[in-house]
Amino acid sequence: MGSRIQSHQLSNGLYVSGRPEQQKDKLPTMGSRAVPYTGGDVKKSGELGKMFDIQILEGPGPHPPPSLKSSRPSTSGSLRSGSGSTSGPLSSKHTTSSGPMTRKSSGPMSLQPTGLITSGPLGSSTGRRSGHLDSGSGSGPGKPSYGAAVTSLGSGAEVRVGIGVSKAAVWVFVVAVAMGLLVGAFLMVAVKKAVVLVAVAGVVVPVVAVAVWNCVWGRRGLVGFVRRYPDAELRGAVDGQFVKVTGVVTCGSIPLESSYQRIPRCVYVSTELYEYKGLGGKSANPKHRCLSWGSRHSEKYVADFYISDFQSGLRALVKAGYGAKVAPFVKPATAVEVTKENKDLSPSFLRWLADRNLSGDDRIMRLKEGYIKEGSTVSVMGVVRRHDNILMIVPPSEPVSTGCQWVRCLLPTYAEGLILTCDDNQNADVVPV
């Protein structure tokens, strides 16, 4: 008896021998169908959310754009939807090549409502664009607080101007004068001759006059020395050469803004509040003397910026940020003045005082504000540094000395760090950039 051979019918109607093949799952094939516009909704993006580790919170009913949260444990900052804030810097770099694409990220990526993938936090474009300025944080409420990239000059490290005479020489002179006075007084009482006193007075009076003259005109002498110093050409400057460069400045990565007048896109800003003390008034600071103006509050900031040399047209990066020593010689202008006759404070000035916990009760005050705006003509004195085809001007390691100016009766005066000077009429000389 022969065995029965199994057969089956194909889809086209033919009968063939053998058992029918098992049905296998078909692999997904790429189609050319049109992809619908998602409108920024991750739920409609298919595999897009899975590619970037975006978790979607499902919920019934309509709701605002979903919150994006990265599931990676090695992120350096947190991200909140809307106008949230980040606890660390968020950045992403994409490399496009013919091979496989690598993605380096130090934080979660954000999906904007338009569907575009960016490296910044949501709502970052709605903030103020002049520097990373945070009010309410830092040394006092309302006082602007920048990051480490901006140098704060309010702690006394901004400029140190002094006369090039050692303290030992000053003490020797003081001891010699005291001994001369004692000897002269003894001889005047014993011999009744004032020759020694006259001789001592003839030496002391000119020395005291020269010292007072240098204390009053020393800073102006330094500014005059900087203005008379010849400009150098950056094209022929060698590495390590001390130069003075004059040109138009442009902001670096962090533009600054003045705290009271809100002048945007500045490379240097300063706001100082002075108070006048009468015979029985209140002191602005512990060193405030009577019948004089004393500094009560000071804010000075400077950041890295660029300068275009007038001589050669080259552009150099001035390294004034990150705690560098800088000596700015910028004459501030009076923005607010409160006198006995004019005691009505403006709302903006009252708000400025309240933000810094400063009282304005029955005080004679004067608010001065200075700045170097982008497009201003500035002179910079520093040392040239060349690194990987990058031309920089950095602070010198030694203080800048003017030397003895015999014609002006000025002793050697020095200043530490980069020296910045700007014309008084800044608004008239600003070049659009």
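This structure is a prediction, so every number in the text was calculated from the model and none was measured. As a basis for the values below, the full set of heavy atoms in this structure was taken, side chains included, without hydrogen atoms, waters or symmetry mates.
Within a 6.0 Å radius of CZ in Arg228, more than 12 heavy atoms belonging to other residues, nucleotides or ligands are found. Within 6.0 Å of CE in Met392 there are more than 12 heavy atoms belonging to other residues, nucleotides or ligands. Other residues, nucleotides and ligands place no more than 12 heavy atoms under 6.0 Å from the CZ atom of Phe186.
Residues Tyr301 and Tyr146 place their aromatic rings such that the two centres sit under 6.0 Å apart. Aromatic ring centres of Trp293 and Tyr274: separated by at least 6.0 Å.
The OH atom of Tyr414 sits 11.5 Å away from the CG atom of Leu222 when rounded to the nearest 0.5 Å. Considering CG of Leu353 and OG of Ser359, their distance stands at 8.0 Å, rounded to 0.5 Å. Atoms CZ and CG, on Arg235 and Asp309 in that order, are 9.0 Å from each other to the nearest 0.5 Å. Here Ser298 contributes atom OG and Arg296 contributes atom CZ; the two are 13.5 Å apart, rounded to the nearest 0.5 Å. Atoms CE and CD1, on Met381 and Ile393 in that order, are 11.0 Å from each other to the nearest 0.5 Å. To the nearest 0.5 Å, atom NE2 of residue His297 and atom CG of residue Leu367 are 9.0 Å apart.
Of the listed residues (Leu181, Val175, Val174), just one forms a side chain to side chain contact (heavy atoms under 4.5 Å, CB included) with Val177, and that residue is Leu181.
With hydrogens and angles ignored, the 3.5 Å screen pairs a side-chain donor or acceptor of Asp304 with a backbone N or O of Ala320. Side-chain atoms of Ser270 never come within 3.5 Å of backbone atoms of Lys300 as a donor-acceptor pair (strictly under, hydrogens ignored). Of the possible polar contacts, one joining the Lys244 side chain to the Tyr229 backbone as a donor-acceptor pair under 3.5 Å is found. The backbone N or O of Gln261 lies less than 3.5 Å from a partner atom in the side chain of Glu369, making a donor-acceptor pair. Between the side chain of Thr250 and the backbone N or O of Val248 there is no donor-acceptor pair closer than 3.5 Å. A donor-acceptor pair under 3.5 Å links the side-chain atoms of Ser258 to the main chain of Ile263, judged by distance alone. Trp213 places a side-chain N or O within donor-acceptor distance of the main-chain N or O of Arg408, the cut-off being under 3.5 Å. Between the side chain of Asp231 and the backbone N or O of Val245, no donor-acceptor pair lies under 3.5 Å. Ser379 places no side-chain N or O within 3.5 Å of a backbone atom of Thr246 that could act as its donor or acceptor partner.
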Check step by step if side-chain hydrogen bond (donor to acceptor under 3.5 Å, both in side chains) holds for Thr151 and Tyr322.
CA-CA 6 Å; Thr151 301; Tyr322 294 95; over 6 Å; no
- Item | Criterion side-chain contact (heavy atoms from CB on, under 4.5 Å) on Val226 and Phe329, from CA distance to verdict | CA-CA 10 Å; Val226 173; Phe329 294 92; 5.5 Å; no
**OP:** Walk me through it: do Leu317 and Phe305 pass the test side-chain contact (heavy atoms from CB on, under 4.5 Å)?
**Re:** CA-CA 6 Å; Leu317 173 63; Phe305 61 91; over 6 Å; no
Check the pair Arg265 / Lys373 against side-chain contact (heavy atoms from CB on, under 4.5 Å), numbers first and verdict last.
CA-CA 6 Å; Arg265 299 200 63 80; Lys373 194 175 181 180; 5.6 Å; no
With side-chain contact (heavy atoms from CB on, under 4.5 Å) as the criterion, how do Val384 and Phe242 come out once you've worked through the C-alpha distance, each side chain's angles and the decisive distance to 0.1 Å? CA-CA 6 Å; Val384 175; Phe242 182 79; over 6 Å; no
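Minimum interatomic distance between Leu410 and Asn214 (heavy atoms only, all atoms of both residues): CA-OD1, 3.2 Å. Closest non-hydrogen pair, Ala303 versus Val150, comes out as CB-CG2, 4.2 Å. In plain terms, the two heavy atoms of Pro206 and Ala201 that are nearest each other are CD-O, 4.1 Å. Residues Gly236 and Gln241 share a closest heavy-atom pair of O-OE1, 4.3 Å. The shortest non-hydrogen separation linking Cys422 to Val378 is SG-CG2, 4.3 Å. Of all non-hydrogen atoms in Leu418 and Val380, the two that sit nearest each other are CD2-CG1, 4.2 Å.
Under 3.5 Å, the side chains of Glu233 and Ser312 contain no donor-acceptor pair of N or O atoms. For the residue pair Tyr276/Ser292, the side-chain donor-acceptor check at 3.5 Å is not satisfied.
Put simply, the side chain of Phe310 reaches to within 4.5 Å of the side chain of Thr377, judged on heavy atoms. No side-chain heavy atom of Leu391 sits less than 4.5 Å from a side-chain heavy atom of Arg315. Side-chain contact between Met188 and Leu197 is present, with at least one heavy-atom pair separated by less than 4.5 Å. Looking at heavy atoms from C-beta onward, Tyr371 lies out of side-chain contact with Thr271 at the 4.5 angstrom threshold. Using a 4.5 Å heavy-atom cutoff, the side chains of Ile372 and Val249 are in contact.
For Arg356 and Glu299, the salt-bridge test passes: some basic side-chain N is under 4.0 Å from an acidic carboxylate O. For Glu272 and Lys368, the salt-bridge test fails: no basic side-chain N is under 4.0 Å from an acidic carboxylate O.
The side-chain hydrogen bond (donor to acceptor under 3.5 Å, both in side chains) analysis of residues 383-394, with sequence neighbours excluded, yields no pairs.
In terms of the side chain to side chain donor-acceptor pair (under 3.5 Å) criterion, Gln311 has no residue partners (sequence neighbours excluded).
Classified by interplanar angle (parallel below 30°, tilted 30° to 60°, perpendicular above 60°), the ring pair Phe349/Trp352 is parallel.
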